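Just so it is clear, the structure is predicted and the values come from calculations on it, not from any experiment.
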Amino acid sequence: MNITENIKSFAEKFNQGLDAYFPIPKTLDARVIEAMKYSVKNGGKRLRPFMLCETAKIFGVDEKVSLPIAYALEMLHSYSLIHDDLPAMDNDDLRRGIPACHKAFDEATAILAGDGLLTYAFGIISSDSLQISSQIRCRLINMLSSAAGSFDGMVAGQMIDLAVENSDIEKLESKEAVIERIEEMKTGRLLRYACEAGAILGGANEKERLAIVEYSRKIGRSFQIVDDILDAVGDEKLVGKTLKKDKNQNKLTFVNLYGLDKAKEISDNLIREAKKSLEIFGAKATVLLELADYMGTRKY
Ligand code: GRG
């Protein structure tokens, strides 16, 4: 099975398990659960869950054990997409090729659905029913709070992104440093979490954990660069969202800063370096190595 088929087959299995997470009550609050389910279920490459389970596998962790953490991470990722699409943020009507949550439901429900998914993620990881020690669950919760939060996490990255959009880009002291910071926090922290959580679940030693973190940071940056490239020259049908917004909004992106060719070159170098970080794992890292190539060349 090649990596594209591998990710697809994982996503199918992952999607089948989603319904169980969303029992719909027969009461008036059903609407928020329906909106949460709608947003998580529809589409999505499931890259973060795949990365988490595959990293855990390097350390011999069975997918049955790692999957609940992967579900939690995807819930949290989906919350960020729902809120990002809101008119007050990126204002996008389309997500994963279908109406964004606030379009399919309404703005207030979309805000609540995002809140619900964010909170649910922590509920899932802290559940006593998981086959994971309370010490590791606690560490995973703490790491996720940090990765998603407002102190150097995803929320902070989104804040800087918005602040930059509302300011004169030309006046920024170092655009390179700002864009790298935005990427690291807004996109990179969750991708890093996916890999690091897999390593923590598997009891990785410090050298192994750092190697995994190094890998995730490199592919995270490449992932964002490719996202920017897709925004500029991607196929809207494949990508499933409105494209060419970055240019129109004069956003600070890797493509706007470096141009297409240079951005692609930077991304290719990052993929090479990411793969190098995994040398200590030998053949056990084959899927993560293939994933790195996929990340650098994906079309959606
Ligand atoms: C609202 C706190 C808050 C944060 C929003 C996720 C995000 C931060 C913004 C989305 C804007 C964006 C393009 C981010 C870059 C990379 C990214 C997260 C892309 C979407 O992830 P994929 O491609 O999406 O894995 P799927 O749909 O496959 O899950």
Enquirer: Is a donor from one side chain sitting under 3.5 angstrom from an acceptor on the other, for R189 and S146?
Expert: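 R189 vs S146: donor-acceptor pair found between side chains.
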Enquirer: Between T119 and D115, is there a donor-acceptor pair closer than 3.5 Å when you use the side chain of the first and the backbone of the second?
Expert: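 Yes; judged by distance alone, with no hydrogens or angles, the pair exists.
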Enquirer: How are the rings of F14 and Y71 set relative to one another: parallel (under 30°), tilted (30 to 60°) or perpendicular (over 60°)?
Expert: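 F14 and Y71: parallel rings.
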Enquirer: Does any part of the side chain of R137, heavy atoms only, come nearer than 4.5 Å to the side chain of D128, both counted from C-beta?
Expert: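 A side-chain contact exists here, since the closest heavy-atom pair is under 4.5 Å.
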Enquirer: Are the side chain of S277 and the backbone of E273 linked by a donor-acceptor contact shorter than 3.5 Å?
Expert: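 At least one qualifying donor-acceptor pair exists.
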Enquirer: Looking at R181 and D161, is there a salt bridge between them, counting it only when a charged N and a carboxylate O are closer than 4.0 Å?
Expert: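 Salt bridge: no.
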Enquirer: Within 45 degrees of the axis of the six-membered ring of F223 and under 6.0 Å from its centre: does R298 put its NZ or CZ there?
Expert: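 Judged by the rule (NZ or CZ under 6.0 Å from the ring centre, within 45° of its axis), R298 counts as positioned above F223.
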Enquirer: For N42 and R95, test the side chains for any donor-to-acceptor distance below 3.5 angstrom and give the result as yes or no.
Expert: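 Note: N42 and R95 side chains miss the donor-acceptor criterion.
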Enquirer: Do D85 and N91 have side chains that approach each other closer than 4.5 Å (heavy atoms only, starting at C-beta)?
Expert: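 D85 does not reach N91 side chain to side chain.
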Enquirer: In terms of ring plane angle, is the pair Y79 and H83 parallel, tilted or perpendicular, where the classes change at 30° and 60°?
Expert: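 Aromatic pair Y79/H83 classed perpendicular.
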Enquirer: Would you say that E208 contacts I280 through its side chain, given a criterion of any heavy-atom pair below 4.5 Å between the two side chains?
Expert: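 E208 vs I280: side chains touch.
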Enquirer: Are any of the side-chain nitrogens in E12 or K8 under 4.0 Å away from the carboxylate oxygens of its partner?
Expert: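 Between K8 and E12 there is no salt bridge, as every charged N stays at least 4.0 Å from the carboxylate O atoms.
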Enquirer: Does D106 pair with R31 as a salt bridge, N-O distance under 4.0 Å?
Expert: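 The answer is yes: the pair qualifies as a salt bridge.
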Enquirer: Determine the sole option in I212, T286, T55 for which the side chain to side chain contact (heavy atoms under 4.5 Å, CB included) test with F281 is passed.
Expert: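 For F281, the side chain to side chain contact (heavy atoms under 4.5 Å, CB included) test succeeds with only one of I212, T286, T55, which is I212.
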Enquirer: Is E63 salt-bridged to K13, going by a charged N under 4.0 Å from an acidic O?
Expert: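 Yes, E63 and K13 are salt-bridged.
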